[in-house]
Amino acid sequence: QVQLVESGGGLVQAGGSLRLSCAASGRTFSSYAMGWFRQCPGKEREFVASISGSGGITNYAESVKGRFTISRDNAKNTVYLQMNSLKPEDTAVYYCAARPGSSYYYTPRSYNYWGQGTQVTVSS
């Protein structure tokens with residue numbers, strides 16, 4: 001069982017930056033691939049980024065590539081999402097998620113554990 005708690009969301013102007021954190025419980029954090037997803041009202045939850053258990057493999061949605069960076073600190077059981085050059089269309093609730101094994105999965109149904117989400121609002 002893995003419990004996830006996100007933090008770091010907030011209101012930022014277009015062009016600004018935010019860093020989201022996701023703290024995980026459990027002693028086997030490094031055996032889980034981690035993902036970030038986001039969801040706008042009335043829309044489906046969409047993949048943002050994922051990272052392998054070791055941190056050596058990262059994957060990004062095309063819409064955030066070059067602007068967002070996913071990373072993890074296994075000693076702290078924490079995964080991060082650094083978001084730069086934010087746009088109003090990045091406004092959403094951001095969720096972190098965990099799955100055992102590979103990080104090459106990009107659909108919400110592929111992830112077993114979820115945090116409660118953190119709101120990110122980008123004003124124009």
Side-chain angles (χ1 to χ4, degrees):
Q1 190 78 5
V2 177
Q3 293 183 325
L4 305 172
V5 179
E6 302 99 334
S7 61
L11 173 64
V12 64
Q13 288 188 330
S17 299
L18 280 175
R19 188 176 83 155
L20 305 183
S21 300
C22 175
S25 66
R27 292 178 290 178
T28 59
F29 179 67
S30 61
S31 67
Y32 287 86
M34 301 297 296
W36 285 98
F37 290 77
R38 64 187 182 187
Q39 188 169 21
C40 301
K43 293 189 176 181
E44 293 186 353
R45 195 167 297 189
E46 65 174 8
F47 171 78
V48 175
S50 64
I51 188 167
S52 62
S54 67
I57 298 171
T58 57
N59 306 280
Y60 296 93
E62 285 297 323
S63 59
V64 306
K65 202 171 286 185
R67 300 188 297 123
F68 291 11
T69 302
I70 188 171
S71 62
R72 67 191 296 161
D73 184 339
N74 286 343
K76 296 183 178 180
N77 279 18
T78 302
V79 63
Y80 305 97
L81 185 68
Q82 178 67 44
M83 306 186 294
N84 298 330
S85 302
L86 282 160
K87 304 174 181 180
E89 50 264 44
D90 294 318
T91 295
V93 177
Y94 283 72
Y95 298 88
C96 74
R99 69 176 312 280
S102 173
S103 61
Y104 290 112
Y105 288 86
Y106 313 125
T107 60
R109 65 187 297 177
S110 300
Y111 286 75
N112 305 79
Y113 304 102
W114 291 86
Q116 82 289 350
T118 185
Q119 176 71 47
V120 171
T121 303
V122 184
S123 63
S124 56

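Nearest approach of Ser52 to Gly56, heavy atoms of both residues: OG-N, 3.2 Å. Across all non-hydrogen atoms, the minimal contact from Ala24 to Leu4 is CB-CD2, 3.6 Å. Contact detail for Thr69 and Tyr60: the closest heavy-atom pair is CA-OH, 3.4 Å. Listed here is the closest heavy atom pair of Ser103 and Ile57: OG-CG2, 3.9 Å. Across all their heavy atoms, Ser124 and Ala14 have their closest contact at CA-CB, 4.3 Å.
For Glu89, the CD atom sits in a packed shell: over 12 heavy atoms of surrounding residues, nucleotides or ligands are nearer than 6.0 Å. The number of heavy atoms from other shown groups lying within 6.0 Å of OH (Tyr113) is above 12.
Residues Ile51 and Phe68 share a hydrophobic cluster, clusters being chains of Ile/Leu/Val/Met/Phe/Trp/Tyr side chains in contact below 4.5 Å. Hydrophobic clustering of Ile, Leu, Val, Met, Phe, Trp and Tyr side chains at less than 4.5 Å, counting indirect connections, keeps Leu20 apart from Tyr95. Hydrophobic clustering (ILVMFWY, side-chain heavy atoms < 4.5 Å, transitive): Trp114 and Tyr105 are in one cluster. Following chains of ILVMFWY side-chain contacts shorter than 4.5 Å, one can reach Leu18 starting from Val79, so the two form part of one hydrophobic cluster. Cluster annotation: Val64 is connected to Leu81 through the hydrophobic network of ILVMFWY side chains, with a link wherever side-chain heavy atoms come within less than 4.5 Å.
Relative to the six-membered ring of Tyr111, Arg45 misses at least one condition, a distance below 6.0 Å or an angle of at most 45° to the axis.
Residues satisfying the ring-ring contact (aromatic ring centres under 6.0 Å, His included) criterion with Phe47, sequence neighbours excluded, are Phe37, Tyr106. In this structure Tyr94 satisfies the ring-ring contact (aromatic ring centres under 6.0 Å, His included) test with no other residue, sequence neighbours excluded.
Proximity of a side-chain donor or acceptor of Arg72 to a complementary backbone N or O of Gly55 within less than 3.5 Å is not detected. Judged by distance alone, with hydrogens and angles left aside, the side-chain atoms of Asn74 form a donor-acceptor pair with the main-chain N or O of Gly53 at under 3.5 Å. Judged by distance alone, the side chain of Glu6 and the main-chain N or O of Gln116 form a donor-acceptor pair under 3.5 Å. In this structure a side-chain-to-backbone donor-acceptor pair under 3.5 Å is missing from Gln82 to Arg19. Judged purely by atom type and a 3.5 angstrom limit, Thr91 uses its side chain to pair as donor or acceptor with the backbone of Val122.
Here the CZ atom belonging to Arg38 is positioned 9.5 Å from the NZ atom belonging to Lys43, to the nearest 0.5 angstrom. Met34 CE to Ile70 CD1: the interatomic distance, rounded to the nearest 0.5 Å, is 7.5 Å.
At a threshold of 4.5 Å between non-hydrogen side-chain atoms, the residues Val120 and Met83 count as touching. Side-chain contact between Lys76 and Ser21: absent, with no pair of heavy atoms (C-beta onward) separated by less than 4.5 Å. Side-chain contact between Tyr80 and Asp73: present, with at least one pair of heavy atoms (C-beta onward) separated by less than 4.5 Å.
Under 3.5 Å, the side chains of Ser50 and Asn59 contain a donor-acceptor pair of N or O atoms.
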